[in-house]
2 protein chains.
Amino acid sequence: MESEINILVVEDDNDINTLLCDIIRNSGYRPQPAFSGTEAVLYLEKRSWDMVLLDLMLPGMSGEELLEKISEQLPVPVMIISAKSEQQTKIEALRTGADDYITKPFDIEEVSARIDSHLRRYRRMNQTLHIKELNYKDIRINTESQIVVVNEKEILFTAREYAILTLLLSSPKKVFTKANLFESVWNEKYYGDDNTISVHMSNLRSKLSKANPHEDYIETVWGVGYKLKT
Amino acid sequence: MESEINILVVEDDNDINTLLCDIIRNSGYRPQPAFSGTEAVLYLEKRSWDMVLLDLMLPGMSGEELLEKISEQLPVPVMIISAKSEQQTKIEALRTGADDYITKPFDIEEVSARIDSHLRRYRRMNQTLHIKELNYKDIRINTESQIVVVNEKEILFTAREYAILTLLLSSPKKVFTKANLFESVWNEKYYGDDNTISVHMSNLRSKLSKANPHEDYIETVWGVGYKLKT
DNA sequence: GACTTTCTTAAGACTTTTCTTAACTCTTTT
DNA sequence: AAAAGAGTTAAGAAAAGTCTTAAGAAAGTC
């Protein structure tokens, strides 16, 4: 299964946003447009990102404010793309936590090359550092080694099962609808009327209960979806 | 004790070199001037660096040539500082492995801010681990001499094979995806659908099992990648 | 420039996972 | 109790991922 690179594009101008998204798509990554700071925050909370392109002049929450928020809380590289060409603004942004700053109008090829450059280096770093541990009850997942330990026993899951499980553990309180799951794990639209997920859930539960028959991990929320048992 | 940050400044113009060194010194880092590509190579071989500032127009070995050499062999971030302002040059440099590109005449504050920005993000990674011996089961690798001993026998591996093997041994529990391997060993983006890695793995395994037929070292993790057998 | 080694590409065989379907059961809601 | 939603199981088919081999391309060496 191919791992996607996700890039958030925060830019209120529709044309520029579309252009940036096209550049990203042409490089083989997956862009997500956001047209305001507040919208960007929602996306940033929803999932993890490999990079953020950020305009400084935004409606509502300013770009600077958002930049500060991101650099304090998230390890994601941020590239500012702004019409503000004053040195002072540029320097402030870089000092606040931006990883790059380019001014409009920009050269398409250069933006593309810079995105690649940052990702290249950042991914290398991510590989050796950034070990995340996911825990829930007696389930321990090391996202680096992809080893899942349940009740002190190492359990082997298929790639899909692993994806579902880590998704659930990443937001222990959230109820995931079937559409949610389909879009996250399969990266496809969900058209309902499909028990593929049921089958996978069934297999997941059976592997889990084999490891620990006394515990119950996944809860069905009737008419909605699934969540971890609280 | 705080460890010093060392930055190599490759620039043939004496005044500019001095200026850059001053900027670096004022930021609390330790600069090392080099006035030609060949001189830079000597410094690069002598010790490890946290960052390299590089002019493209150099006597003897060109900056482009040096950049290529560095990005192939070393994980250090490189910032190009050049009078060449053509987009094509800039893009080529970024694609070759440069982490940033600024044109002369440059703004002192901006250079300073950009250096800090790169160091901030990549500093931890650059704390080059000085591992001299890698061990796993009956495999012993001396990373200085690059000699690999398996089951008391010295085995010769090709450069790629050696790179893959040391990567695996560096994190014995980690599952390396193909993208991981490609980015570390080849220093290139992975677009999937490529069995080069499979072939190298096959060759690696066959060499290893020739040295010790009773042992099994590399495990395939389906749908994910490879790891060392636990 | 010829020789050697190493790397990459391609093709086919092979393995494992995933999907789909279907029949049947269980649970909750109305 | 009936209806709707959800769960389980199993089996075959399809898809995805991997392994191996061999030959040509590229790189490095003398």
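Here is the naming used below: chain letters follow the sequence lines, and residue numbers restart at 1 for every chain. Side chains included, hydrogens not; waters and symmetry mates left out as well; all remaining heavy atoms used.
Side chain of Asn17(B) to main chain of Asn14(B): no donor-acceptor pair is present (N/O by atom type, distance under 3.5 Å, no hydrogens or angles). Judged by distance alone, with hydrogens and angles left aside, the side-chain atoms of Asp50(A) form a donor-acceptor pair with the main-chain N or O of Asn6(A) at under 3.5 Å. For the pair Asp99(B) (side chain) and Ser117(A) (backbone), a donor-acceptor distance under 3.5 Å is absent. Panel note: side chain Ser184(B), backbone Leu181(B); no donor-acceptor pair is recorded below 3.5 Å.
In this structure, Thr158(B) reaches the sugar-phosphate backbone alone: every heavy-atom distance under 4.0 Å involves primed, P, OP1 or OP2 atoms, never a base. Using a 4.0 Å heavy-atom distance criterion, Lys178(A) is classed as making no nucleic acid contact. Base contact: His200(B) has a heavy atom under 4.0 Å from a base atom.
When each of Trp186(B), Tyr226(B), Tyr162(B) is tested with His200(B) by the rule ring-ring contact (aromatic ring centres under 6.0 Å, His included), just one qualifies, namely Trp186(B).
Counting all heavy atoms, side chain and backbone alike, Arg25(A) lies closest to Pro31(A) at NH2-CG, 3.6 Å.
Regarding Leu204(A), its CG atom lies at a distance of 11 Å from the P atom of dT8(D), rounded to whole Å. Rounded to whole Å, atom P of dT9(C) lies 11 Å from atom CZ of Arg160(B). Nucleotide dT8(D) holds its P atom 12 Å from the CG atom of Leu208(A), rounded to whole Å. Between the CD1 atom of Ile218(A) and the C1' atom of dT8(D) there is a distance of 15 Å, rounded to whole Å. The separation between Leu181(A) atom CG and dT18(C) atom C1' is 16 Å, rounded to whole Å. Atoms CG (Asn195(A)) and P (dT9(D)) sit 14 Å apart, rounded to a whole Å. Taking atom CD on Glu219(B) and atom P on dC19(D), their separation rounds to 11 Å, with Å as the unit. Note: CE (Met201(B)) to P (dG17(D)) measures 17 Å, nearest angstrom.
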- Do Phe106(A) and Leu20(A) pass the side chain to side chain contact (heavy atoms under 4.5 Å, CB included) test, and can you show the C-alpha distance, the side-chain angles, and the key distance before you say yes or no? CA-CA 10 Å; Phe106(A) 50 78; Leu20(A) 288 169; 3.7 Å; yes
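Dashed line: the shortest gap from a side-chain N or O of Trp186(A) to OP1 or OP2 of dC19(C) is under 4.0 Å. Between Thr196(A) and dT20(C) there is a side-chain N or O to OP1 or OP2 distance below 4.0 Å. When the side-chain nitrogen and oxygen atoms of Ser198(A) are compared with OP1 and OP2 of dG7(D), one or more of them lie within a distance under 4.0 Å.
Of all the residues in residues 210-217 of chain B, not one reaches under 4.0 Å from DNA chain D with any non-hydrogen atom. The stretch residues 220-229 of chain A touches DNA chain D through Thr220(A), Trp222(A), Gly223(A), Val224(A), Tyr226(A), each having a heavy atom within less than 4.0 Å of the strand.
Between Lys104(B) and Glu11(B) a salt bridge is recorded (basic side-chain N to carboxylate O distance below 4.0 Å). Taking a cutoff of 4.0 Å between a charged side-chain nitrogen and a carboxylate oxygen, Asp216(A) and Arg205(A) do not qualify as a salt bridge. Between Arg114(A) and Glu110(A), at least one side-chain nitrogen of the basic residue sits less than 4.0 Å from a carboxylate oxygen of the acidic one, meeting the salt-bridge criterion.
Contact of Asn203(A) with dT9(D) (side chain to base): no donor-acceptor pair of N or O atoms is detected under 3.5 Å.
Nearest-nucleotide positions on DNA chain C for Phe157(B) and Glu161(A) put Phe157(B) closer to the 5' end.
Under the 3.5 Å distance criterion, with hydrogens and angles disregarded, a donor-acceptor pair is assigned to the side chains of Ser198(B) and Lys178(B). If you check the side chains of Asn135(A) and Arg140(A), you find no donor sitting under 3.5 Å from an acceptor.
Between His118(B) and His118(A), the two ring planes are parallel [angle under 30°; tilted spans 30° to 60°].
Candidate nucleotides dT8(D), dC19(C), dC19(D) were compared by shortest atom distance to the side chain of Arg205(A), and dT8(D) ranks first. Nearest nucleotide to the side chain of Ala159(A), out of dC19(C), dT18(C), dT8(D): dT18(C).
Using five terminal pairs a side, the axes of the helix from dG1(C)-dC30(D) to dT30(C)-dA1(D) at its two ends make an angle of 50°, given in steps of 10 degrees.
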